[in-house]
Amino acid sequence: MTVARILAVKGRVVTTVLPHRTVEETVAILAEKRIGAIVVTGSDGEVLGIISERDIVKAIARGGAGALQDAVSKHMTSKVITATEDTSVHGVMEEMTSGRFRHVPIVNAGRLSGLVSIGDVVKYRLEEIDNERQALRQYIASA
Ligand code: AMP
């Protein structure tokens with residue numbers, strides 16, 4: 001199954017932030033939206049980076065509260081691993097596991113079209129396992 005299936009349920013709205021915005025502004029967005037990462041985009045919507053709660057914890061651990069006034073671009077990860085809607089859910093899980101991150105922006109024809117988190121993947125897998133269980137039960141009952 002592909003990532004498109006997850007986005008069809010979750011939606012394709014992605015929270016983004018411009019690179020010159022401050023870490024403090026980003027923290028407020030993370031808290032308000034109850035999310036763990038924000039995709040950093042340029043004025044044309046192109047993906048420039050990603051900043052997650054882990055980057056912010058690291059920035060504050062190193063620079064103290066003053067880091068909150070830094071630009072997002074200073075603490076974001078610039079080399080972003082993305083996927084397309086045609087990527088398999090399994091493929092996204094593998095990327096997250098090998099790269100040790102929990103968010104993958106979905107890009108279609110150069111445009112951001114969604115974001116899949118580890119929570120989305122786990123939810124999808126639990127539903128898949130439940131469907132398999134029900135199918136096996138029906139198979140046994142009808143045999
Ligand atoms: P996370 O587990 O998503 O909180 O992110 C852990 C670290 O990986 C942080 O430094 C993020 O900036 C970085 N990161 C998160 N998602 C990605 C991604 N898709 N590609 C590359 N780095 C990422």
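The first residue of the sequence shown is numbered 1, and numbering continues consecutively from there. Numbering of ligands and ligand atoms starts at 1, following listing order.
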With sequence neighbours excluded, residues passing salt bridge (charged side-chain N to carboxylate O under 4.0 Å, His left out) with R111 =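 By the salt bridge (charged side-chain N to carboxylate O under 4.0 Å, His left out) rule, R111 matches no residue at all.
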Considering the heavy atoms of [X], write down every atom of ligand 1 situated less than 4.0 Å from one of them.
X    : answer
I81  : 18 (C), 19 (N), 20 (N), 21 (C)
D55  : 9 (C), 10 (O), 11 (C), 12 (O)
I50  : 12 (O), 14 (N), 15 (C), 16 (N), 17 (C), 23 (C)
P105 : 19 (N)
T77  : 10 (O), 11 (C), 12 (O), 13 (C), 22 (N)

Do F101 and ligand 1 have an N or O pair less than 3.5 Å apart?
->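 No: no nitrogen or oxygen of F101 is under 3.5 Å from one in ligand 1.
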Counting non-hydrogen protein atoms only, what is the nearest one to [atom]? Give residue, atom name and distance.
atom                    : value
atom 21 (C) of ligand 1 : K79 O, 3.4 Å
atom 18 (C) of ligand 1 : H103 O, 3.6 Å
atom 2 (O) of ligand 1  : R102 NE, 2.8 Å
atom 5 (O) of ligand 1  : S52 OG, 3.4 Å

Does anything in residues 42-52 pair up under side chain to side chain donor-acceptor pair (under 3.5 Å), and if so which pairs, sequence neighbours excluded?
->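 Checked against side chain to side chain donor-acceptor pair (under 3.5 Å) - neighbours excluded - no pair reaches residues 42-52.
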Ligand 1-proximal atoms of K58, by part, heavy-atom distance under 4.0 Å |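 Near ligand 1, K58 shows nothing, with every heavy atom at 4.0 Å or more.
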